[in-house]
Participant: 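My structure is below; once you've seen it, I'll send some questions.
In this text the structure is predicted, and so the values were computed from the model without any measurement.
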Amino acid sequence: MSPTSSHRADGMGSKYDVLVIGGGNAALCAAISARRGGASVLVLEGAPKFYRGGNTRHTRNMRCAHDAATEILTGPYTEDEFWEDLLRVTGGQTDEVLARHMIRESKDILNWIVEQGVRWQPSLGGTLSLGRTNSFFLGGGRAMLNALYLTAEQLGVEVEYDAEVTDLVIEHGMFLAAHLKRPIKGETEIRATSLVAAAGGFEANIEWLKQYWGEAADNFLIRGTPYNRGSILKMLLDKGVQEVGDPTQCHAVAIDARAPKFDGGIITRHDSVVFGIVVNKHAQRFYDEGEDIWPKRYAIWGRLVAAQPDQIAYIIFDSTVVTSFMPTLFPPIAGQTIAELAGKLELDPAALEKTITEFNAAVLSGTFDHTILDDCRTEGITPQKTHWARKIETPPYLAYPVRPGITFTYLGTRVNKEARMLMADGKPSANMFAAGEIMAGNVLGKGYAAGMGMTIGSVFGRIAGREAARHAKN
């Protein structure tokens, strides 16, 4: 199972059965799957080794269907319930055949991923309340990634870091070679019988985002890697692969406005929205903070904030709820009065006082329970808060400034159930497959539910590797 020709010292390149471009969960699942299928495999990761793994480094859990409780899951999560959740968050904008196929395959992933060295831990508590639906990685995404890399390397998968693919040679829907630029070894050409593209979206490419969002994109923060610039996606689309998805749709959450431009990760995300209100720079509320259970709504808040003036908003709550959600890297901004808080946030004190007074007056008393759709709501204001509405009246008053935090984009390559890319004429590619965020738009037309990105990556990575190896060996 060694490469059909070795690396040559003259830099003329080499030939593999399967070339995997990308270095995150989807890429590694594909590489392991292809290698277990008997193929020689090379993985090209564009980032340096320390930053390997794309957005997988920042993940915590994966959503998989299962028929019964396990050591780490508190109850069953059926295929039908998973499908209903996906249907709700996407508003029906999903490829039903592919989505149902993914959900069915996800049942087997829970065990398969453990066989590749990944370990689970019991669910984390707190706002996301995912103990029944989502499995959490012991040690988080980086530990999960390290386990997959270790397994891949033990199986004989070759990995190159700092491996920038500058061109793909594709003729009549068939991959022939990749041109590679490396900092020390220089340029080379890699040929392979099959290609798996698992190189993520274009969320770190601000100029590309600006084509759809305009100047607003300058105010976006990128939650994950600065290396997901979409170069592989662009090459594939330019060379006749059919695109899928709306370029403005993405997984975008509200993250702390004080976070770094790139790579802030999960500790900058705010889960406090349901416990208070959210206002824009004019101190006006603009959306129902209690619309649905948080794991099904947390990923709409990035887009909501993106639509506000200057792409900034403020989550405002009082001291009674500070222990109700996972704390973040940055402390809340505090004021003993609403006016003092407004001053620190550079908001109009009178406007913020009016918004909070009107909100408090509209709150109906009920039995508060953030784990269900409770009966604490407002009446007589727009937008209403349909659940978890409680008066903001106990100082100190607290706030988090938030901006849109883009996780990954949904514009991608269209694929079929074999994870095989479809060409512009509708025909499947002879030997090109895709997995992970680069094809997530097939399943996620819009919206998101916690852990779904890892499901897409693992399921389609495993399929892509298996099918790429099968093609190469035949």
Participant: Check Glu358 with Lys354, please: is the shortest side-chain N to carboxylate O separation under 4.0 Å?
Facilitator: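 Salt bridge: yes.
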
Participant: Is a side-chain donor or acceptor of Thr151 paired with a backbone partner of Leu148 at a separation under 3.5 angstrom?
Facilitator: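 No.
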
Participant: Salt bridge check: are Arg297 and Glu291 linked by an N-O gap of less than 4.0 Å?
Facilitator: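 Yes, this pair counts.
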
Participant: Looking at Arg390 and Asp318, is any side-chain nitrogen of the basic one under 4.0 Å from a carboxylate oxygen of the acidic one?
Facilitator: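 No, Asp318 and Arg390 are not salt-bridged.
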
Participant: Using the ring centroid of each side chain, check whether Phe433 and Phe460 are separated by less than 6.0 Å.
Facilitator: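 Not under 6.0 Å, so no.
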
Participant: How are the rings of Tyr298 and Tyr448 set relative to one another: parallel (under 30°), tilted (30 to 60°) or perpendicular (over 60°)?
Facilitator: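 Rings of Tyr298 and Tyr448: perpendicular, over 60°.
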
Participant: Can we say Lys446 and Asp246 salt-bridge, meaning some charged N sits less than 4.0 Å from an Asp/Glu carboxylate O?
Facilitator: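 A salt bridge is absent here (no side-chain N lies under 4.0 Å from a carboxylate O).
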
Participant: I want to check something: taking the side chain as every heavy atom from C-beta on, are Phe359 and Lys385 in contact at a cut-off of under 4.5 Å?
Facilitator: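 Sidechains of Lys385 and Phe359: in contact.
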
Participant: Which heavy atom of Gly224 sits nearest to which heavy atom of His58, and what is that distance?
Facilitator: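 Looking at all heavy atoms of both residues, the shortest contact is CA-CD2, 3.7 Å.
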
Participant: For residues Leu73 and Leu110, determine if any side-chain heavy atom of one lies less than 4.5 Å from a side-chain heavy atom of the other.
Facilitator: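 They are in side-chain contact.
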
Participant: Please confirm whether the backbone N or O of Leu411 pairs with a side-chain atom of Thr409, one donor and one acceptor, at under 3.5 Å?
Facilitator: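 Answer holds: no.
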
Participant: Say you draw a straight line from CD of Glu393 to CG of Asn360; how long is it, rounded to the nearest 0.5 Å?
Facilitator: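 Going from the CD atom of Glu393 to the CG atom of Asn360 covers 6.0 Å.
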
Participant: Report yes if some heavy atom in the side chain of Thr328 is under 4.5 Å from a heavy atom in the side chain of Arg269; otherwise report no.
Facilitator: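 SC-SC contact between Thr328 and Arg269 ruled out.
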
Participant: Can you check whether Asp310's main-chain N or O pairs, donor with acceptor, with Arg403's side chain at less than 3.5 Å?
Facilitator: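 It does hold such a pair.
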
Participant: Does Trp301 use its side chain to pair, donor to acceptor, with the backbone of Ile255 at less than 3.5 Å?
Facilitator: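 It does not hold such a pair.
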
Participant: Decide yes or no for Ile113 and Arg462: does some side-chain heavy atom of the first lie under 4.5 Å from some side-chain heavy atom of the second?
Facilitator: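 Sidechains of Arg462 and Ile113: no contact.
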
Participant: Hey, does the side chain of Arg229 reach the backbone of Ala204 with a donor-acceptor pair shorter than 3.5 angstrom?
Facilitator: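 Yes: the side chain of Arg229 pairs with the backbone of Ala204.
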
Participant: Does this structure show an ion pair linking Arg377 with Asp375, if we count only N-O contacts that are shorter than 4.0 Å?
Facilitator: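 The answer is no: the pair does not qualify as a salt bridge.
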
Participant: Could you tell me which residues satisfy ring pair (Phe, Tyr, Trp, His ring centres under 6.0 Å) with Trp83, sequence neighbours excluded, listed by chain and number?
Facilitator: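 By the ring pair (Phe, Tyr, Trp, His ring centres under 6.0 Å) rule, Trp83 matches no residue at all.
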
Participant: So do Thr407 and Glu203 actually touch side chain to side chain, heavy atoms under 4.5 Å?
Facilitator: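 Sidechains of Thr407 and Glu203: no contact.
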
Participant: How about Lys239: does its NZ atom have over 12 heavy atoms from other parts shown lying under 6.0 Å from it?
Facilitator: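 Atom NZ in Lys239 is crowded, with more than 12 foreign heavy atoms closer than 6.0 Å.
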
Participant: Check whether any side-chain N or O of Thr378 sits under 3.5 Å from a backbone N or O of Ala362 as a donor-acceptor pair, and report yes or no.
Facilitator: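 No, because the side chain of Thr378 does not come within donor-acceptor range (under 3.5 Å) of the backbone of Ala362.
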
Participant: What is the ring orientation for Phe408 with His251, classed by angle as parallel under 30°, tilted 30 to 60°, or perpendicular over 60°?
Facilitator: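 The arrangement is perpendicular - the two ring planes meet at more than 60°.
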
Participant: Parallel, tilted or perpendicular, judged at 30° and 60°: which one describes the rings of Trp208 and Phe202?
Facilitator: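 The rings of Trp208 and Phe202 lie parallel, inter-plane angle below 30°.
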
Participant: Got a sec, which residues hit side-chain contact (heavy atoms from CB on, under 4.5 Å) with Ala399, two or more places apart in sequence or on another chain?
Facilitator: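 Ala399: side-chain contact (heavy atoms from CB on, under 4.5 Å) contacts with Ile316, Leu341, Leu345.
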
Participant: Could you go through the side chain to side chain contact (heavy atoms under 4.5 Å, CB included) check for Asp256 and Leu329 one step at a time?
Facilitator: CA-CA 9 Å; Asp256 203 290; Leu329 180 63; over 6 Å; no

Participant: Would you give the length of the straight line joining atom CZ of Arg414 to atom CD of Gln242, rounded to the nearest 0.5 angstrom?
Facilitator: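 Result: 5.0 Å between the selected atoms.
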
Participant: May I ask you to check if Arg52 and Tyr149 form a cation-pi contact, with NZ or CZ under 6.0 angstrom from the six-membered ring centre and within 45° of the axis?
Facilitator: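 Here Arg52 passes the 6.0 Å and 45° test against Tyr149.
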
Participant: Under the side chain to side chain contact (heavy atoms under 4.5 Å, CB included) criterion, do Ile406 and Arg223 qualify, and how do the steps go?
Facilitator: CA-CA 6 Å; Ile406 313 296; Arg223 298 177 72 205; over 6 Å; no

Participant: The test is side chain to side chain contact (heavy atoms under 4.5 Å, CB included); show your working for Gln308 and Lys281 and say whether it passes.
Facilitator: CA-CA 8 Å; Gln308 297 307 304; Lys281 68 176 281 191; over 6 Å; no

Participant: Would you please name every residue forming a ring pair (Phe, Tyr, Trp, His ring centres under 6.0 Å) with Trp112, sequence neighbours left out?
Facilitator: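 Residues passing ring pair (Phe, Tyr, Trp, His ring centres under 6.0 Å) with Trp112: none at all.
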
Participant: Determine, step by step, whether Val305 and Asn280 satisfy the side chain to side chain contact (heavy atoms under 4.5 Å, CB included) criterion, reporting the C-alpha distance in whole Å, the side-chain angles of both residues, the deciding distance to 0.1 Å, and the verdict.
Facilitator: CA-CA 8 Å; Val305 175; Asn280 61 20; over 6 Å; no

Participant: Does a side-chain heavy-atom distance below 4.5 Å link Leu130 with Arg60?
Facilitator: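 Leu130 does not reach Arg60 side chain to side chain.
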
Participant: Tell me whether the count of non-hydrogen atoms from other residues, nucleotides or ligands lying under 6.0 Å of CD in Glu71 goes above 12.
Facilitator: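 No, because the 6.0 Å sphere around CD of Glu71 holds 12 heavy atoms or fewer from other groups.
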
Participant: Going through the checks in order, is the ring-ring contact (aromatic ring centres under 6.0 Å, His included) test met by Phe50 and Tyr161?
Facilitator: CA-CA 9 Å; Phe50 179 82; Tyr161 300 104; over 10 Å; no

Participant: Would you say Asn25 and Ser458 are linked by a side-chain donor-acceptor pair, where the criterion is simply a distance under 3.5 Å?
Facilitator: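 Their side chains do contain a donor-acceptor pair, which is all the 3.5 Å distance test asks for.
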
Participant: Looking at Thr94 and Val443, what are the two nearest heavy atoms and their distance?
Facilitator: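 That would be OG1-O, 2.6 Å.
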
Participant: Would you check if Trp388 and Phe368 make a side-chain contact, meaning some heavy-atom pair closer than 4.5 Å?
Facilitator: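 A side-chain contact under 4.5 Å exists here.
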
Participant: Which pair of non-hydrogen atoms, one from Arg63 and one from Pro295, has the smallest distance, and what is that distance?
Facilitator: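 Taking every non-hydrogen atom into account, NH2-CB, 4.4 Å.
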
Participant: Using a strict 4.0 Å threshold on nitrogen-to-oxygen distance, state whether Glu215 and Lys210 make a salt bridge.
Facilitator: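 So Glu215 pairs with Lys210 through a salt bridge.
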
Participant: Are the side chain of Lys391 and the backbone N or O of Ile356 linked by a donor-acceptor pair below 3.5 Å?
Facilitator: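 Not confirmed, Lys391 side chain does not pair with Ile356 backbone.
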
Participant: Which pair of non-hydrogen atoms, one from Ile392 and one from Phe317, has the smallest distance, and what is that distance?
Facilitator: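 Taking every non-hydrogen atom into account, CG2-C, 4.1 Å.
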
Participant: Verify ring-ring contact (aromatic ring centres under 6.0 Å, His included) between Phe137 and Trp120, making sure each step is shown before the conclusion.
Facilitator: CA-CA 5 Å; Phe137 307 120; Trp120 302 116; 5.3 Å; yes

Participant: Atom OG1 in Thr225, atom CZ in Arg57: separation rounded to 0.5 Å?
Facilitator: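 Rounded to the nearest 0.5 Å, the OG1-CZ separation comes to 6.0 Å.
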
Participant: Is it the case that the side chains of Glu437 and Asn55 hold a donor-acceptor pair, with the cut-off being a distance below 3.5 Å and no angle test?
Facilitator: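 Side chains of Asn55 and Glu437: pair found under 3.5 Å.
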
Participant: Do you know the tightest heavy-atom contact between Gly465 and Ser33?
Facilitator: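 For Gly465 and Ser33, the tightest heavy-atom pair comes out as C-OG, 3.7 Å.
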
Participant: Looking only at non-hydrogen atoms, find the nearest pair between Ala313 and Val278 and report the distance.
Facilitator: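 Answer, listing the atom of Ala313 first, then Val278: CB-CG1, 3.9 Å.
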
Participant: Assess the residue pair Tyr51 and Phe262 against the criterion (ring-ring contact (aromatic ring centres under 6.0 Å, His included)); give the C-alpha distance rounded to whole Å, side-chain angles, the decisive distance to 0.1 Å, and a yes or no.
Facilitator: CA-CA 12 Å; Tyr51 288 107; Phe262 295 102; over 10 Å; no

Participant: Taking the side chain as every heavy atom from C-beta outward, state whether Pro48 and Asp162 have any pair of such atoms under 4.5 Å apart.
Facilitator: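 Yes, their side chains come closer than 4.5 Å.
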
Participant: Are the side chain of Asp374 and the backbone N or O of Asp369 linked by a donor-acceptor pair below 3.5 Å?
Facilitator: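 Such a contact is found between Asp374 side chain and Asp369 backbone.
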
Participant: List the steps, then state whether salt bridge (charged side-chain N to carboxylate O under 4.0 Å, His left out) holds for Lys344 with Glu340.
Facilitator: CA-CA 6 Å; Lys344 289 184 177 180; Glu340 183 190 349; 3.6 Å; yes

Participant: Whether the side chain of Glu79 engages the backbone of Arg100 through a donor-acceptor N/O pair (distance < 3.5 Å, no angle test) should be reported.
Facilitator: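 No; zero donor-acceptor contacts below 3.5 Å.
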
Participant: I'd like to know if the side chain of Ser319 reaches the main chain of Thr394, judged simply by a donor and an acceptor atom lying under 3.5 Å from each other, with no hydrogens or angles considered.
Facilitator: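 Answer holds: yes.
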
Participant: Kindly assign one of parallel, tilted or perpendicular to the pair Tyr77 and His66, based on the angle between their ring planes and the thresholds 30° and 60°.
Facilitator: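 Judged by the thresholds at 30° and 60°, the geometry between Tyr77 and His66 is tilted.
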
